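First comes the structure, then the notes that go with it.
Here the structure is a predicted model, which is why all the values come from computation and not from measurement.
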Amino acid sequence: NVIKDGKAIKFSQLFKNAEPKVKSQVLKIAGSQILGYLYSGIVLGVGIAKLNIAITKYLSSKHKNNNTALRFDFDFLRKESNPIFKEFK
């Protein structure tokens, strides 16, 4: 029971009184949660950064071979014929 003398029992007390099978299941779930956090941290912190570097190197080498600059061109936003700005006139 989770209530004793009208008060909720703390999780640590419940865990102490739990059966060994329940304890092992809780520890497995907690371990898998921690491993999930580690995996996410490694993939997002290192993997995505490495992927970004690899894609940038690939695109810059591709543009060097074509003698073009790797840059974003926003001139299309300044043109009068752009359909985005027609409704603001």
Side-chain angles (χ1 to χ4, degrees):
N1 198 358
V2 294
I3 297 177
K4 185 176 183 181
D5 298 328
K7 293 183 180 179
I9 299 173
K10 293 181 180 181
F11 179 77
S12 60
Q13 187 66 30
L14 281 173
F15 193 72
K16 287 179 186 177
N17 297 335
E19 297 176 9
K21 184 178 181 181
V22 173
K23 286 182 181 181
S24 69
Q25 290 175 345
V26 169
L27 292 175
K28 285 179 186 176
I29 291 171
S32 64
Q33 179 108 23
I34 290 170
L35 288 175
Y37 289 142
L38 285 172
Y39 175 77
S40 295
I42 290 169
V43 168
L44 294 175
V46 177
I48 299 297
K50 294 284 186 183
L51 179 64
N52 188 15
I53 291 168
I55 290 173
T56 303
K57 283 182 181 178
Y58 171 75
L59 289 175
S60 63
S61 69
K62 187 177 177 182
H63 285 281
K64 283 180 185 176
N65 293 339
N66 294 336
N67 293 328
T68 59
L70 177 62
R71 64 184 177 90
F72 295 104
D73 190 8
F74 294 104
D75 288 338
F76 71 95
L77 290 176
R78 294 186 199 100
K79 293 183 180 176
E80 293 291 327
S81 62
N82 192 327
I84 295 173
F85 299 110
K86 285 185 179 179
E87 63 186 58
F88 296 113
K89 289 183 179 183

Distance from K10 atom NZ to K4 atom NZ, nearest 0.5 Å?
13.0 Å
Report yes or no: does S24 contribute a side-chain atom to a donor-acceptor pair with the main-chain N or O of K21 at less than 3.5 Å?
yes
Between A49 and G45 the two heavy atoms that sit nearest each other are CB-O, 3.8 Å
Is the count of non-hydrogen atoms from other residues, nucleotides or ligands lying under 6.0 Å from Y39 atom OH greater than 12?
no
Same cluster or not: V46 versus L38, using hydrophobic residues (I, L, V, M, F, W, Y) connected whenever any side-chain heavy atoms lie under 4.5 Å apart?
no
Working to the nearest 0.5 Å, report the span between CD1 of I34 and CD1 of I29.
12.5 Å
Under a 4.5 Å side-chain heavy-atom rule over Ile, Leu, Val, Met, Phe, Trp and Tyr, are L27 and L14 clustered together?
no
Nearest non-hydrogen partners of K16 and K23, listed with the distance:
O-NZ, 3.5 Å
Find out if a path of hydrophobic residues (ILVMFWY) with successive side-chain heavy-atom gaps under 4.5 Å connects I9 to I3.
yes
State plainly whether one hydrophobic cluster holds both F11 and V22, where clusters connect Ile, Leu, Val, Met, Phe, Trp and Tyr through side-chain heavy atoms under 4.5 angstrom apart.
yes
